[in-house]
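Read the structure below first, then the notes.
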Amino acid sequence: MLGTFRRSILQKPCKSYLDQCIRAYLSTQLQEPNEPRVVTTIPGPNSLRLKQELDSIQLSSAIQLFVDYDKSVGNYLVDADGNAFLDIYSQISSIPLGYNHPALVKAVTDPKNLATFVNRPALGILPPKDFIEKLKSALLSIAPKGLSEVQTMACGSCSIENALKAACFWYQNKTRKGEPPSALDLESSLSNQTPGAPKLSVMSFKGGFHGRTFGALSCTHSKPIHKLDVPAFDWPIATYPIYKYPLQEHRVENDKIDDHCLQEVQSLIDEYNQKGVPVAALVIEPIQGEGGDNHGSAKFFQGLRKLCTKNGVAFIIDEVQTGGGPTGKMWAHEHFNLDDSPDIVTFSKKLQIGGFFYKKPFRPDQPYRIFNTWLGDPTKLVLLEQVVKEIKEQNLIDNIAKTGDYMLKGLVTLQQKYPNILLNARGKGTFCAIDFKTSELRDQAIKVLHKNGVHCGGSGSASLRVRTTLTFNTTHVDLFLNRFQLSLKQMSN
Ligand code: PSZ
């Protein structure tokens, strides 16, 4: 595909400046290498030098590597020192097709998209004339069942922020029985007082991650460093089920864990209602991505849907990390066979643009209630349109379901070979993880894997997480498992 496209452009006579740019860019494109290539210590000298330089401008201690994005291709990330890593982390799960995918290069270099890239509009007031067409082809064509409307946003955190606001509007509209807000409501809201700024709460879950902005941060409970020194809402925090693995050997115990967690949700709703801070919304990840790859069962999510309906609570599923195919379905909550859809589903990452799908009653009743300058970015819809086309034409979700099954089997085999180091292999699609006996071992494994040419990351306190693109295939899995086994062997010596 890359080859055909590149050839077709390179063989044409070079007409315009844009043509020249495209040619120059495409002539630098590489094919995926056959395997990782590590030529320096990790991080290499160039990464270290750049990191030092950056540190004179800003805190740079989270930087792992500086990247050569011109040379990175497909599932291979090439760093500033020329090391080519097999990338099983894909920019914290946010690369859908791989680096420099030809369909995206083509869209960006297509003159008909030029004005979209040059002129960033304020989407809420002056959207481009093809905005509806783009929303339909890029977003509504993959909307979760039952959710007919969509609002775009710039990132995951602001999608959560605005989804929470939409839920509060909906809740207060019910409380007012559809009547317009009173003069007192309006006036008191300005000084953060009731009734205009009502005492409402949002339930979230231990270990959950929903972003770092102020409201979202009150729903985030994965690491103290995210929350330290920031005032937080006193909102209910329920227990996310943490199962015993392998699941099939612990059905009865895990079933009880689900029952216990669901009972706790109902008790917290009752408690906060009694306190006069009713629960307007419940927000949860289908798989806790940052908190350690914790998987809730279908039964648990079915129970939550019922409890939310019964108690008049908005049911928000945060698919910022799971949405867009990595679990082997477009939306991870499709694994749960819910009787009724969630009320709101948030997205970002693999979908390139942030936002949320919602049921009609969650549409704000007046303009400017969900609003900001950009409300996303239509250039990301241009990219997403191509991503969705590629997902459909290349059956990428099926690819991930199959590749993921193959990967999980491999992880289980490694876990059996290294029972003193590994446990709890789990996953849906290629959204897989495996635990280490200690967080030190996990951190060491990530370093050794890098030395062996695999770019990866952790989640929770002792998990290695796999977050591939949608083009990851069984050949990539073999390479990863091979390097993982080598790393485990080196760690055991
Ligand atoms: O450390 C961080 O800030 C990270 S590491 C991974 C994320 C954030 N994920 C973002 C995320 C998410 O996984 C879920 C389930 N919900 C919301 C967010 C926030 O999205 P962003 O980062 O786009 O604001």
Side-chain angles (χ1 to χ4, degrees), residues 58-64 87-96 144 151-167 202-228 230 237 240 281-296 301 315-327 331-333 335 342 344-357 372 374-377 380 383-384 428-429 431 433 446 455-461 463-468:
Q58 57 172 233
L59 181 69
S60 69
S61 33
I63 305 277
Q64 300 168 350
D87 187 357
I88 64 163
Y89 200 40
S90 65
Q91 311 284 330
I92 328 181
S93 202
S94 68
I95 302 282
Q151 175 63 59
T152 53
M153 284 289 156
C155 71
S157 303
C158 61
S159 307
I160 291 288
E161 292 291 340
N162 286 283
L164 297 184
K165 275 176 58 182
V202 175
M203 188 182 299
S204 54
F205 287 79
K206 290 173 197 161
F209 186 96
H210 301 286
R212 294 162 178 266
T213 48
F214 247 86
L217 196 57
S218 280
C219 303
T220 286
H221 315 285
S222 49
K223 286 194 188 131
I225 196 68
H226 299 152
K227 294 175 69 76
L228 186 69
V230 184
I237 307 163
Y240 199 96
L282 178 153
V283 62
I284 189 163
E285 297 153 89
I287 303 169
Q288 288 191 327
E290 296 305 300
D293 280 62
N294 304 316
H295 290 241
F301 277 87
F315 185 30
I316 306 177
I317 300 201
D318 179 356
E319 294 246 25
V320 165
Q321 192 156 157
T322 47
T327 70
W331 302 101
H333 75 265
H335 288 283
I344 299 180
V345 172
T346 53
F347 59 83
S348 190
K349 292 207 190 246
K350 279 203 164 44
L351 272 67
Q352 305 300 286
I353 191 163
F356 55 97
F357 293 103
N372 75 350
W374 281 329
L375 284 178
D377 177 352
K380 302 301 172 198
L383 299 181
L384 180 60
K428 283 195 173 82
F431 203 102
I446 290 176
H455 176 62
C456 56
S459 70
S461 59
S463 312
L464 176 82
R465 65 169 141 172
V466 181
R467 301 289 188 267
T468 73

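By convention here, the first residue in the shown sequence is residue 1. Read the numbers this way: they start at 1 and go in the same order the structure lists the ligands and their atoms. For clarity, every value in this text was computed on a predicted model and none was experimentally measured.
- Side-chain contact check for His335 and Thr327: at least one donor-acceptor pair (N or O, by modelled atom type) lies under 3.5 Å.
- Contact shell of ligand 1 (protein heavy atoms, cutoff 4.0 Å): Ile92, Cys155, Gly156, Ser157, Phe209, His210, Gly211, Arg212, Glu285, Glu290, Asp318, Val320, Gln321, Lys349.
- Below 30°, between 30° and 60°, or above 60°: for Phe347 and Phe357 the angle between ring planes is between 30° and 60°, a tilted geometry.
- A side-chain donor from one of Glu161 and Thr213 sits under 3.5 Å from a side-chain acceptor of the other.
- Between Glu290 and Arg465 there is a salt bridge, since at least one side-chain N of the basic residue sits less than 4.0 Å from a carboxylate O of the acidic one.
- Taken to the nearest 0.5 Å, the CZ atom of Arg467 stands 10.5 Å off from the CD1 atom of Ile92.
- In this structure a side-chain-to-backbone donor-acceptor pair under 3.5 Å is present from Gln352 to Ser94.
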